[in-house]
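Only one structure is covered here, and it is reproduced in the block below.
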2 protein chains.
Amino acid sequence: MKKEGGCQAGKGSLERADALCLRRGVRLTPQRRRVLAILCASARPLGAYEILEAMRDGSRSLAPPTVYRALDFLLEQGLVHKLESLHAFVGCRHPDHPHSGQFLICRSCGLVTELEDRGICESLLSAASATGFVPERRVVEVLGTCARCAEEGGCRND
Amino acid sequence: MKKEGGCQAGKGSLERADALCLRRGVRLTPQRRRVLAILCASARPLGAYEILEAMRDGSRSLAPPTVYRALDFLLEQGLVHKLESLHAFVGCRHPDHPHSGQFLICRSCGLVTELEDRGICESLLSAASATGFVPERRVVEVLGTCARCAEEGGCRND
DNA sequence: GTCGATGGCGCAACAGTATAACAGCAACCC
DNA sequence: GGGTTGCTGTTATACTGTTGCGCCATCGAC
């Protein structure tokens, strides 16, 4: 459980989030910012209760609703994503434009890669609209083995 | 909570499941068959505890592990799917060939449509393999409004 | 037949995830 | 000042899923 710099989001994530919320007229309060900071600093997705634990750092006792409310806000603003298959959250890699990404989730090392593949979006939307369905939220998660782990794990070429 | 014939799976679902398990040399025990029957008879996805409730029908008292074990089996055999975004399960519409479908989930009426769109699969797989990722399980769920509800709800064309 | 191995199931307890409901408080508008 | 709104703290609880143990039926070996 290393604690070093975030892989998910760059250094300026928080500052960009500040600017973005300012522009939108919504409030990135200290609690919300804290949750975002924890997520951005993590190399892997975190569960709500892990975030809670991280927020308790010093001594303050916090309860789940605090974290969930902050997450709700951040999800609404597109600053974080929820990984349904993991019950966990990650900082968004490019929050500047609203989107619902696709996620490659390595079961071996926990690494999550966020994609924004136009082909996937289009085939998904066209398949949906072919049935008259009106999409609102898309959940696309692929569980498997990342390149590095697949390599280390023994060069599976099958 | 109507109980009439299943929309998700046709009439012969159970019989096909019997044959399939026989062929594979695995046992579709009464409990497992019961869970499958309940799912197939439901017009909408059911949570594990809803299935549990349905199984208690008469008087027998059952515990969660019973249902979860049956579901594990059915999932392994591809006879049911889990909808991660709903924490719920549906009978598979075409269990004869293994696959991981895509799901259109209506937030208004609960209807779930299972797709098997080649385009989506291919764009997903090609995007994954472009990064060297080795996919094992795919979760593709689109939440929104089904054609009927969209129509009734007031012809939203936006 | 009976012995051990296996797999399915019943049962109790518990772990993990998420929400409801209510209270306090600060900021803002009038 | 007084009402309103939005954010947070707190307690309790609901919902989802798992662990661990023990029983019993089945099946093959002997």
Side-chain angles (χ1 to χ4, degrees), chain A residues 1 17-18 21-22 24-39 44-77 79-90 110 139 141, chain B residues 17-18 21-22 24-39 44-77 79-90 110 139 141 143:
Chain A
M1 193 68 65
D18 285 329
C21 288
L22 191 61
R24 292 181 185 163
V26 297
R27 294 172 54 195
L28 188 61
T29 64
Q31 290 284 43
R32 294 167 175 174
R33 200 167 190 277
R34 186 104 192 278
V35 170
L36 180 59
I38 288 168
L39 279 176
R44 63 186 64 238
L46 296 178
Y49 281 68
E50 289 179 291
I51 298 171
L52 186 60
E53 201 52 43
M55 289 183 77
R56 281 189 177 138
D57 238 0
S59 57
R60 318 194 314 155
S61 91
L62 290 178
T66 299
V67 172
Y68 281 104
R69 283 190 289 231
L71 286 171
D72 283 344
F73 172 85
L74 296 170
L75 286 168
E76 264 172 30
Q77 298 303 319
L79 295 168
V80 306
H81 291 294
K82 175 166 191 183
L83 301 176
E84 294 287 352
S85 59
L86 298 185
H87 304 287
F89 303 84
V90 287
V139 175
E141 299 170 17
Chain B
D18 285 328
C21 288
L22 191 61
R24 289 180 187 165
V26 296
R27 294 172 53 197
L28 188 61
T29 64
Q31 291 284 43
R32 293 167 175 173
R33 200 167 190 276
R34 186 105 192 279
V35 169
L36 180 58
I38 289 167
L39 279 176
R44 62 187 65 238
L46 296 178
Y49 281 68
E50 288 179 293
I51 297 171
L52 187 58
E53 200 53 42
M55 289 183 77
R56 282 187 177 138
D57 238 1
S59 57
R60 319 193 314 155
S61 91
L62 291 178
T66 299
V67 171
Y68 280 104
R69 283 190 290 231
L71 286 170
D72 284 343
F73 171 86
L74 296 171
L75 286 167
E76 264 172 30
Q77 298 302 321
L79 294 169
V80 307
H81 292 294
K82 175 167 189 181
L83 302 176
E84 295 287 352
S85 59
L86 297 185
H87 306 288
F89 303 84
V90 287
V139 175
E141 300 170 15
L143 296 124

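To find a chain, count down the sequence lines: A is the first, B the second, and so on, and within it residues start at 1.
Taking side-chain N and O atoms only, B/Thr29 has no distance below 4.0 Å to OP1 or OP2 of C/dG8. The phosphate of C/dC9 (OP1 or OP2) has a side-chain N or O of B/Arg32 nearer than 4.0 angstrom. Residue A/Lys82 places no side-chain N or O under 4.0 Å from the OP1 or OP2 atom of C/dT17. Residue A/Tyr68 places at least one side-chain N or O closer than 4.0 Å to OP1 or OP2 of C/dA18.
Mapping A/Arg69 and A/Ala48 onto DNA chain C via the closest heavy atom, the residue that lands nearer the 5' end is A/Ala48. Projected onto DNA chain C by closest heavy-atom contact, B/Ala70 and A/Asp72 fall at different nucleotides, the more 5' of which corresponds to B/Ala70. Of the two residues contacting DNA chain D, namely A/Pro30 and A/Ala63, the nearest-nucleotide position lying further toward the 5' end is that of A/Pro30. Between A/His87 and A/Pro64, the residue whose closest nucleotide on DNA chain D is further toward the 5' end is A/Pro64.
Smallest separation of non-hydrogen atoms from A/Ala88 and A/Pro45: CB-CB, 3.7 Å. Between A/Ala63 and A/Leu52, the closest heavy-atom pair is O-CD1, 3.7 Å. When all heavy atoms of B/Arg34 and B/Met55 are compared, the closest pair comes out as NH1-O, 3.2 Å.
For A/Glu53 and C/dT17, the CD to C1' distance is 15 Å, given to the nearest whole Å. Spacing between atom CZ of B/Arg56 and atom P of C/dC9 amounts to 16 Å, rounded to whole angstrom units. Rounded to an integer number of Å, the gap from CD of A/Glu50 to C1' of C/dG16 is 11 Å. For the pair A/Leu71 CG and C/dT17 C1', the computed distance is 12 Å after rounding to whole Å. To the nearest angstrom, P of C/dG10 lies 11 Å from CG of B/Leu52.
Nucleotides of DNA chain D lying under 4.0 Å from heavy atoms of chain A occupy a range whose first and last members, 5' to 3', are D/dC7 to D/dT11.
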Exercise answer: donor-acceptor pairs, residues 68-75 of chain B side-chain atoms, under 3.5 Å, sequence neighbours excluded:
none

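You'll find the side chain of B/Glu141 stays beyond 4.5 Å of the side chain of B/His81, heavy atoms only.
At a threshold of 4.0 angstrom between heavy atoms, the contacts of B/Arg27 are confined to the sugar-phosphate backbone, with no base atom among them.
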Practice task
Any chance you could encode DNA chain C as dot-bracket? Rule is Watson-Crick or G-U wobble with both distances under 3.5 Å; [ ] for pairs crossing earlier ones, | for another strand.
Solution key: ||||||||||||||||||||||||||||||

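Rounding to the nearest 0.5 angstrom, the gap separating the CD atom in A/Gln77 from the CZ atom in A/Arg27 is 13.0 Å. Remark: B/Glu53 CD to B/Leu46 CG distance equals 11.5 Å, nearest 0.5 Å.
With hydrogens and angles left out, the side chain of A/Tyr49 and the base of C/dA18 share a donor-acceptor pair within 3.5 Å.
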